[in-house]
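Notes follow the structure.
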Amino acid sequence: MEAIIKARASARDWLRRARGEEQPSDLEQLLRDIARTNDELEAAVNRFNFSCDDLLIDAAAFEMQALESRLAFLYRKAKEKGLHIGAQG
């Protein structure tokens, strides 16, 4: 799985260079990851709220838990870089 992720990242880097696009800085990428994860969490909450099947409710709950853990990790990385992102609660 890790090899696939690295291959995709390398492909994205190559595509950006081919298009003449600049690489986002680590800080920009971190902020994009936080925004994307927040959007994914909002979508998971909506799936949880509007699901009728027990299995779908469970799946949405697990997804929310995973995304909340990812956000905690990203917030910790941001704090280490000296960023302060909104209220965490």
Side-chain angles (χ1 to χ4, degrees):
M1 182 67 147
E2 189 174 323
I4 293 170
I5 293 169
K6 286 182 181 180
R8 285 183 180 170
S10 295
R12 279 193 301 267
D13 291 344
W14 179 85
L15 187 58
R16 281 192 191 107
R17 284 193 302 274
R19 291 179 180 166
E21 298 174 2
E22 273 190 45
Q23 278 286 87
S25 70
D26 288 343
L27 192 57
E28 289 172 330
Q29 188 61 48
L30 179 60
L31 292 173
R32 287 179 188 175
D33 288 346
I34 289 170
R36 186 183 70 240
T37 305
N38 272 319
D39 291 344
E40 291 173 3
L41 179 58
E42 183 179 342
V45 168
N46 285 334
R47 279 191 294 280
F48 178 83
N49 288 333
F50 294 105
S51 292
C52 296
D53 185 86
D54 289 343
L55 291 175
L56 293 176
I57 292 169
D58 287 346
F62 285 122
E63 184 179 10
M64 288 167 39
Q65 188 175 21
L67 290 166
E68 287 169 351
S69 294
R70 177 164 174 73
L71 271 177
F73 166 76
L74 292 170
Y75 285 144
R76 188 175 66 238
K77 279 181 70 172
K79 185 176 179 181
E80 289 170 2
K81 292 182 180 287
L83 283 177
H84 301 283
I85 301 173
Q88 298 178 37

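Only this structure's heavy atoms are used, side chains among them; waters, hydrogens and symmetry mates stay out.
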When rounded to the nearest 0.5 angstrom, what distance separates [atom1] in [X] from [atom2] in [Y]?
X     : Y     : atom1 : atom2 : answer
Leu30 : Ser25 : CG    : OG    : 9.0 Å
Tyr75 : Arg70 : OH    : CZ    : 12.0 Å
Ser69 : Leu74 : OG    : CG    : 11.0 Å
Asp58 : Phe48 : CG    : CZ    : 8.5 Å

Looking at [X] and [Y], does any basic side-chain N land under 4.0 Å from a carboxylate oxygen?
X     : Y     : result
Arg47 : Glu63 : yes
Glu28 : Arg32 : no
Asp33 : Arg36 : yes

Pairwise side-chain contact, Lys77 with Leu83, heavy-atom cut-off 4.5 Å (strictly under): no

Residue list, side chain to side chain donor-acceptor pair (under 3.5 Å) with Asn38, at least two apart or on another chain: none

Heavy-atom closest contact (Ala60 atom, Ala44 atom, distance): CB-O, 3.9 Å

For Leu71 against Thr37, the heavy-atom pair lying closest together: CG-CG2, 3.6 Å

Asp54 atom CG: more than 12 heavy-atom contacts under 6.0 Å: no

Transitive ILVMFWY side-chain link Leu41 to Phe73, under 4.5 Å: yes

